Number of protein chains: 2
Amino acid sequence: MRDKATSFDIAHRAGVSQSTVSRALRDSPLVNKETRDKIQAIATELNYKVDKNASNLRRQHSLTLALLLFEDPTSDDSLINPFFLSMLGSITKASTKAGYDLLVSFQNLNDDWHAEYEDSNKADGLILLGYGDYTDYRDKLTKLEEQGTHFVRWGAHDIDHAGVSIGCNNMQGGFDVTQHMLNMQRRQFAFIGEAGSQAPEFKERYLGHCQALKDAGLQVNNAMQFDAISTEQSGYQGVQRLLDSGNKFDALFCASDLIALGALRCLQEKGLSIPEDVAIAGFDNIPISSFANPALTTVHQNTKLAGEILVDSLLRLISGEEVSHYLMPVDLVVRRSSGAQT
Amino acid sequence: MRDKATSFDIAHRAGVSQSTVSRALRDSPLVNKETRDKIQAIATELNYKVDKNASNLRRQHSLTLALLLFEDPTSDDSLINPFFLSMLGSITKASTKAGYDLLVSFQNLNDDWHAEYEDSNKADGLILLGYGDYTDYRDKLTKLEEQGTHFVRWGAHDIDHAGVSIGCNNMQGGFDVTQHMLNMQRRQFAFIGEAGSQAPEFKERYLGHCQALKDAGLQVNNAMQFDAISTEQSGYQGVQRLLDSGNKFDALFCASDLIALGALRCLQEKGLSIPEDVAIAGFDNIPISSFANPALTTVHQNTKLAGEILVDSLLRLISGEEVSHYLMPVDLVVRRSSGAQT
DNA sequence: CTGAAAGCGCTTACAG
DNA sequence: CTGAAAGCGCTTACAG
């Protein structure tokens with residue numbers, strides 16, 4: 001069995017006090033270079049590592065960040081939205097780069113997650129990520145803020161919500177996609193995805209969509225909006241309802257790629273040709289989207305940048321700075337599903 | 001600003017000693033039920049959370065696990081192998097379920113990661129995940145074991161490697177895929193993927209592949225094995241080398257889905273029809289595989305189960321039990337790319 | 001530049 | 001069933 005070396009062991013071997021060891025290990029300029037080198041050499045030899053629990057307890061911080069991932073309660077148990085997985089990857093990397101550890105946890109919206117981490121001193125701050133119903137969410141955010149917890153969240157900026165949000169320009173994305181399909185000569189649009197305040201990001205995409213239609217002199221028909229949450233299955237069902245409605249359409253803007261994938265499958269099963277009969281576009285640019293058949297036109301969100309900004313903003317919040325909302329630019333990715341010649 | 005409540009605050013309010021508070025909060029049967037209830041009520045009211053740093057320091061454990069993800073140094077900065085992302089998801093869930101927090105970190109194979117976590121008491125144990133060159137890895141594993149660090153790793157069971165491994169039956173998977181393509185009347189096989197000891201999982205897939213060929217009375221030609229690491233790009237290049245070799249082939253077994261996707265793209269760019277001209281199969285059953293065109297025949301690994309077994313094994317290791325290697329069963333997923341009529 | 005000492009907030013043997 | 005006290009392993013103000 002191992003027995004971990006402590007700073008006292010090192011002190012003993014080096015013939016100095018434990019305080020000096022502690023200082024030397026933190027590279028304090030107060031310590032004589034020679035003693036410092038000697039101490040560090042012994043530390044390496046003994047495979048000594050500062051005990052984080054002790055260090056954190058004393059310093060009252062943890063040098064770790066917590067990522068709380070919310071899932072749609074309806075979503076499949078094993079399948080996580082690839083977009084969030086990708087965000088998870090970039091956030092992990094960004095924290096590591098900033099010298100912070102990252103605690104990852106999946107939460108249900110109804111869990112008692114607010115407070116857990118920072119209050120127990122396990123993390124210095126929280127990153128909130130996930131789609132889901134925002135009604136209940138809101139209260140917890142407010143509570144989080146009241147407690148003085150440091151947190152940032154990914155999503156739409158909503159004045160009703162407490163805290164700093166980082167998100168992409170969903171409205172612009174919805175606008176760009178729609179304008180692109182208008183350029184492809186489509187005129188009869190449907191939108192698949194929730195568009196209410198429980199899904200603020202989707203709502204903004206819808207708003208951008210409507211704006212583009214208006215700008216083109218087309219009328220917005222709210223009956224052409226069909227609810228769906230961000231799963232393939234829900235997209236499939238949404239389109240079925242659209243089909244059942246009997247309304248004509250030659251273009252489909254789906255609030256996420258997962259929805260678009262479900263829509264695509266449904267339409268193809270009905271024998272429709274994409275994009276000839278119906279142009280389709282999604283949102284997120286998840287890896288799968290380029291492998292769909294036809295490849296999916298979508299809106300790219302720079303997850304790498306997003307992760308970095310999220311971490312950076314949180315760190316600034318922790319250090320007491322004022323941090324404001326941030327709206328990331330968005331890129332239209334044109335592929336075959338929208339009828340373009342690529 | 002907030003000022004966190006401590007157990008002394010609660011003791012004061014409840015009119016008991018701090019020790020009693022501590023006991024009550026840990027649900028100790030030693031404490032009178034009434035006092036316990038009273039203390040817990042006050043704790044809730046004050047939004048009190050046990051300070052993990054103090055608690056962990058005292059108890060000498062952390063109730064957290066660390067997941068170390070190794071990436072192929074050559075792989076793209078932003079793109080993580082979807083298979084590992086999926087494992088990450090299931091491991092996160094399994095740890096949460098077991099009452100442990102999960103620290104996630106991406107590592108380079110050459111980092112000084114061995115020891116970092118458990119030695120600094122940030123985690124009670126380590127889960128190692130990732131493809132990559134195992135030569136350097138091996139030494140670190142040995143060191144990890146010498147230090148008495150608790151760890152489990154995902155991958156091939158290799159007697160050269162220290163520690164407990166959990167992995168899927170790669171050999172069986174390779175065998176099944178190959179046998180299936182033999183049933184589809186293919187006779188000229190190529191294998192894309194490393195098959196040396198630096199990539200033990202791929203190697204086993206290759207071995208299973210060879211076995212199936214032998215069982216069918218075919219000769220194994222090692223010149224039909226082309227190196228590739230698990231990226232789309234590497235798969236693309238691997239097939240190019242195969243094509244350059246001038247060797248004929250009507251079936252391609254790729255060591256991973258990502259490789260298969262690259263191979264598919266390359267062959268299609270050369271004007272070949274899949275599966276008519278060449279049958280293709282991959283490994284992993286990543287989400288994208290079903291959306292490829294044609295959809296990819298592949299081998300499914302149950303990531304949900306894998307995550308649970310990994311966590312469970314590690315926990316048992318931590319509690320001092322003997323834990324042995326585990327080989328998970330594997331499922332062939334037949335889709336169009338291998339020439340089946342689906 | 002160095003050391004002795006206090007204290008971070010808990011848990012838990014020990015004594016009653 | 002409860003309390004006083006020690007101690008987990010550090011960091012850092014204080015004194016020299």
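Since the structure is predicted, the reported quantities are computational estimates derived from the model, not experimental observations.
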ask   = Just how far, in rounded Å, is C1' of dG9(D) from NZ of K122(B)?
value = 16 Å
message = Could you tell me the Watson-Crick or G-U partner of dA4(C), where both distances fall under 3.5 Å? Say none if there is no partner.
response = none
inquiry  = Between T20(A) and A11(A) (side chain of the first, backbone of the second, donor and acceptor by atom type, cut-off under 3.5 Å), is there such a pair?
reply    = no
request  = Send over the distance from Q60(B) CD to dC10(C) C1', rounded to a whole Å.
outcome  = 12 Å
task = Kindly say whether A14(B) contributes a backbone atom to a donor-acceptor pair with the side chain of K38(B) at under 3.5 angstrom?
result = yes
query = Which whole-number value in Å describes the distance from N56(B) CG to dG9(C) C1'?
reply = 12 Å
task = Between L57(B) and P29(B), name the one whose nearest nucleotide on DNA chain D is closer to the 5' end.
result = P29(B)
key: Test applied, side chain to side chain contact (heavy atoms under 4.5 Å, CB included); reference residue, Y100(A); option that passes from L314(A), L63(A), V311(A)   = L63(A)
ask   = Nearest-Å distance, CD1 (I10(A)) to P (dG3(C))?
value = 14 Å
inquiry  = I'd like to know if the side chain of D9(B) and the backbone of T6(B) have a donor-acceptor N/O pair within less than 3.5 Å.
reply    = yes
d(NE2, H12(B); C1', dG9(C)) in whole Å = 18 Å
task = Could you tell me the separation between the CG atom of D51(B) and the P atom of dC8(C), rounded to a whole number of Å?
result = 11 Å
task = Can you tell me the distance, in whole Å, between the CG atom of L30(A) and the C1' atom of dT2(C)?
result = 9 Å
request  = Verify, without hydrogens or angle tests, whether S55(A) (side chain) and D51(A) (backbone) share a donor-acceptor contact under 3.5 angstrom.
outcome  = no
Which residue lies more 5' along DNA chain D, comparing V16(B) with F8(A) via nearest heavy atoms = V16(B)
message = Quick check against the 3.5 Å criterion: does S7(A) have a side-chain atom that pairs as donor or acceptor with the backbone of S22(A)?
response = no
Residues D312(A), R316(A): salt bridge by 4.0 Å N-O rule = yes
task = In whole angstrom, give me the gap between the C1' atoms of dT12(C) and dG16(C).
result = 16 Å
Under 4.0 Å protein heavy-atom contacts per nucleotide of nucleotides 11-16 of chain D, with B for base, S for backbone only and - for none = BBB---
query = Between L63(B) (CG) and dC10(C) (C1'), how many Å, whole number?
reply = 14 Å
